[in-house]
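Input: a single structure, listed below in C-alpha cells.
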Amino acid sequence: MTIDKSKVLFSREEMLELNKERLESRGVTIEDIARIAQAQQSKYTKGITFDVCLESAEKILSYPDAFHMVQLGIEIDELAEKGMLSEPIQSILTNDLGLFGIDELFGLELAGNFGIIGKTNFGDLDVNKPGIISKLNDEGKIPGHCHTFLDDIVGALAACASTRVAQIYKSREVKEEE
Ligand code: MG
C-alpha cells in the first residue's frame with residue numbers, strides 16, 4: 001500500500017499501516033505487543049489465543065488517538081537522538097529523567113481509552129516491563145538512543161490490547177451463561 005504521507009486525514013487501514021511501519025523502524029513489531037497482551041491476560045483467563053491478541057493490537061493501532069501518539073512520540077524520540085531539541089528538554093529526554101513524566105502521561109491517556117482497567121493494566125506493564133518493554137528501556141540507556149516516549153507508548157498499546165481481549169473473553173462467558 002502506498003500512502004501519501006503529506007495529507008492529514010487517513011483511513012483506519014492507513015493509520016494501522018503507518019503505525020506498523022513506524023514501530024518496526026524502531027524495532028517493535030505488532031507481535032511483540034500481542035505477546036505482552038497475551039501474557040498479561042493469561043494471568044486472569046485461561047486459553048487466551050495469540051490470534052485474538054494480535055487482532056486486538058491491530059485494532060488499537062488503527063485508532064486516531066493511537067496513530068497520533070505513536071507518530072508524535074517516536075518523532076520526539078528521534079529528534080532527541082539527533083540532538084535537534086533545545087535545552088533543557090534535549091538533555092531531559094536523552095537522560096530519560098524519571099521526574100519528567102510526560103511520556104507516562106501519553107501512555108496513561110492512551111490506555112484510558114480502555115477505561116480504568118486500561119490504565120491499571122498500563123501501570124502494571126510500566127512497573128514490571130515485560131518483553132520488548134524492558135528491551136526498549138535498556139536500549140534507551142545506550143548513548144545516542146532515546147526510547148523515552150516509545151517504551152510508554154508500547155506499554156499503553158499492549159495495555160489497550162490486553163483490556164480489549166479481556167472484554168472479548170468476558171462477553172463470551174456471559175453469552176455462554178445465557
Ligand atoms: Mg518512558
Side-chain angles (χ1 to χ4, degrees), residues 15-16 18-41 43 53-54 56-166:
M15 289 191 281
L16 168 63
L18 290 173
N19 269 348
K20 269 165 86 171
E21 185 186 291
R22 200 82 200 251
L23 285 165
E24 276 169 23
S25 79
R26 303 295 284 170
V28 180
T29 65
I30 197 155
E31 286 81 8
D32 291 325
I33 294 167
R35 261 191 288 276
I36 297 172
Q38 187 181 28
Q40 188 176 50
Q41 272 321 307
K43 282 187 250 170
C53 297
L54 202 59
S56 287
E58 283 191 336
K59 191 136 251 171
I60 308 310
L61 280 169
S62 74
Y63 292 150
D65 264 18
F67 177 62
H68 294 131
M69 284 199 197
V70 167
Q71 299 294 320
L72 180 63
I74 292 176
E75 188 74 28
I76 297 170
D77 281 352
E78 288 181 351
L79 289 173
E81 286 181 353
K82 291 174 190 158
M84 289 175 77
L85 301 169
S86 307
E87 293 295 3
I89 284 297
Q90 175 66 43
S91 295
I92 288 172
L93 291 186
T94 46
N95 287 291
D96 200 359
L97 181 72
L99 274 174
F100 178 60
I102 311 297
D103 45 343
E104 276 89 359
L105 189 66
F106 266 46
L108 211 48
E109 191 60 33
L110 184 52
N113 284 307
F114 280 80
I116 298 165
I117 306 299
K119 288 185 179 184
T120 310
N121 284 338
F122 170 70
D124 168 40
L125 300 177
D126 188 38
V127 170
N128 295 309
K129 304 192 188 310
I132 188 92
I133 303 174
S134 92
K135 187 170 174 260
L136 291 173
N137 194 55
D138 293 344
E139 284 173 359
K141 293 191 174 87
I142 301 167
H145 292 256
C146 179
H147 290 160
T148 299
F149 280 90
L150 183 62
D151 60 349
D152 296 284
I153 287 169
V154 170
L157 293 168
C160 288
S162 156
T163 311
R164 183 177 181 273
V165 167

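As the structure lists them, so they are numbered: ligands from 1, and atoms in each ligand from 1.
Between Glu139 and Lys135 there is a salt bridge, since at least one side-chain N of the basic residue sits less than 4.0 Å from a carboxylate O of the acidic one. Of the charged side-chain nitrogens involved, at least one lies within less than 4.0 Å of a carboxylate oxygen, so that Asp32 and Arg35 count as a salt-bridged pair.
Residue contact annotation: Thr148 places an N/O/S atom under 2.8 Å from the Mg ion (ligand 1). Among the atoms of Glu104, no N, O or S atom is found under 2.8 Å from the Mg ion (ligand 1).
Rounded to 10°, the angle that OD2 of Asp103 and OD1 of Asp151 form at the Mg ion (ligand 1) is 150°.
The minimum distance between the Mg ion (ligand 1) and any N, O or S atom of Asp152 involves atom OD2.
Between the side chain of Asn95 and the main chain of Ser91, a donor-acceptor pair closer than 3.5 Å is present.
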Run the numbers on Glu78 and Arg22 for salt bridge (charged side-chain N to carboxylate O under 4.0 Å, His left out), then give the verdict. CA-CA 11 Å; Glu78 288 181 351; Arg22 200 82 200 251; 2.8 Å; yes
